[in-house]
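Everything below concerns the one structure shown next.
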Amino acid sequence: MKKIFTLSLFILFLSVLASSCKNDTETIVNKEKTTSPEKAKDEVFAVADKFHTAFKNKNIEEIKNLLTGEGFYMGTDPAEVYNSLSFTDYLNKKLLNPAIGTIEYTIDRRELVLDDDGNGAIIVDQFNPAVFTQNIPWRMCSHLIKKDNSWKFNFISFSLTPDNDVLPAVNMAAYREE
């Protein structure tokens, strides 16, 4: 009986070991570069530009198509932390508010870092949407992944980026008495 138990444990160990080796091989195969860095950069920039165009045009459906289903998205307020569904609901409420006028801006600075395997990218865009903040630029930090041969955002974080020399005034304006 003891030999059967030991033999069973040994067979279980070997099957677990074999399946884990198979998964490692699959991971290595999936981590191969799927495209050149130049092509990946162009593709990511095109998707980011498509996002900004949709944002300016208040086209929430287009933005929704650029998001993964399992992403993480944040607005400029500390309470604005969303999944993809709540993010698009938030954008519907904010951007489609009749009080919001035309959204115009240009990207003043753009930085990109590609993952080693070419299937992920961090992109940082800086711009100033005057309709929201006339004197404080925004920064949109994002992560995109290549999924089913197309790039999608699985992380977006908007932040306000005032110049350091105006931070004392911003802090005074934001002061809340406790």
Side-chain angles (χ1 to χ4, degrees), residues 22-78 80-97 100-164:
K22 182 180 176 189
N23 288 340
D24 287 345
T25 303
E26 289 172 358
T27 301
I28 291 168
V29 168
N30 290 335
K31 287 288 186 181
E32 290 179 8
K33 288 188 179 183
T34 58
T35 188
S36 72
E38 296 78 23
K39 184 176 181 194
K41 177 181 174 182
D42 291 344
E43 291 172 352
V44 170
F45 283 177
V47 172
D49 290 341
K50 191 182 278 191
F51 178 92
H52 287 289
T53 299
F55 189 81
K56 291 176 193 178
N57 293 327
K58 305 174 185 184
N59 186 341
I60 310 308
E61 197 59 36
E62 179 66 26
I63 291 173
K64 183 178 179 180
N65 292 332
L66 297 172
L67 308 177
T68 65
E70 64 279 348
F72 190 52
Y73 311 94
M74 295 176 275
T76 58
D77 188 280
E80 296 172 346
V81 179
Y82 306 106
N83 61 34
S84 59
L85 180 60
S86 59
F87 183 61
T88 54
D89 288 345
Y90 161 78
L91 290 176
N92 266 316
K93 290 175 190 156
K94 290 291 184 180
L95 298 182
L96 300 180
N97 179 342
I100 301 284
T102 304
I103 301 172
E104 283 298 322
Y105 59 87
T106 56
I107 304 299
D108 301 318
R109 181 176 182 179
R110 176 171 274 174
E111 303 291 337
L112 174 81
V113 177
L114 286 172
D115 291 353
D116 288 341
D117 65 2
N119 291 315
I122 297 170
I123 186 168
V124 178
D125 288 336
Q126 290 183 181
F127 53 96
N128 191 351
V131 69
F132 299 114
T133 56
Q134 296 78 30
N135 300 311
I136 301 174
W138 286 25
R139 182 176 291 150
M140 181 176 136
C141 299
S142 310
H143 186 260
L144 293 90
I145 57 173
K146 193 167 190 178
K147 191 172 184 177
D148 299 327
N149 213 25
S150 66
W151 289 93
K152 297 207 178 237
F153 290 90
N154 71 340
F155 174 81
I156 296 173
S157 178
F158 290 103
S159 58
L160 302 177
T161 57
D163 292 332
N164 288 337

Fill in: Asn92 and Lys64: CA distance, side-chain angles, deciding distance, side chain to side chain contact (heavy atoms under 4.5 Å, CB included) verdict
CA-CA 11 Å; Asn92 266 316; Lys64 183 178 179 180; over 6 Å; no

Item to complete: Supply the atom-to-atom distance Ser142 OG to Met140 CE, rounded to the nearest 0.5 angstrom.
Response: 3.5 Å

Practice prompt. Sort out for me which residue in Asn128, Thr133, Thr76, Thr161 forms a side chain to side chain donor-acceptor pair (under 3.5 Å) with Trp138.
Written response: Thr133

Item to complete: Find the distance between NZ (Lys152) and CG (Asn154) and round it off to the nearest 0.5 Å.
Response: 11.5 Å

Worksheet item: Between His52 and Tyr105, does the ring centre distance come in under 6.0 Å?
Response: yes

Item to complete: Would you check if Glu62 and Asn57 make a side-chain contact, meaning some heavy-atom pair closer than 4.5 Å?
Response: no

Worksheet item: Is a side-chain donor or acceptor of Asn83 paired with a backbone partner of Leu85 at a separation under 3.5 angstrom?
Response: yes

Worksheet item: With distance as the sole test, does Ser84 use its side chain to make a donor-acceptor pair with the main-chain N or O of Gly69 at under 3.5 Å?
Response: yes

Worksheet item: Can you check whether Lys146 reaches Asp115 side chain to side chain, under 4.5 Å on heavy atoms?
Response: no

Practice prompt. Would you mind reporting whether Phe72 and Val81 have side-chain heavy atoms less than 4.5 Å apart?
Written response: yes

Worksheet item: In Å and rounded to the nearest 0.5 Å, what is the CZ to CG distance from Phe51 to Asp125?
Response: 9.5 Å

Discussion item. For the residue pair Ser86 / Asp89, report whether a side-chain donor-acceptor contact shorter than 3.5 Å exists.
Written reply: no

Worksheet item: Of all heavy-atom pairs between Ala40 and Gly118, which one has the smallest distance, and what is that distance?
Response: CB-O, 4.4 Å

Fill in: Heavy-atom side-chain proximity of Phe45 to Ile123 below 4.5 angstrom
yes

Discussion item. Checking Asp108 now: which residues fulfil salt bridge (charged side-chain N to carboxylate O under 4.0 Å, His left out) with it, not counting sequence neighbours?
Written reply: none

Response to the item:
Hits for side-chain contact (heavy atoms from CB on, under 4.5 Å) against Tyr90, two or more places apart or cross-chain, chain-then-number order -> Glu80, Tyr82, Phe87, Lys94

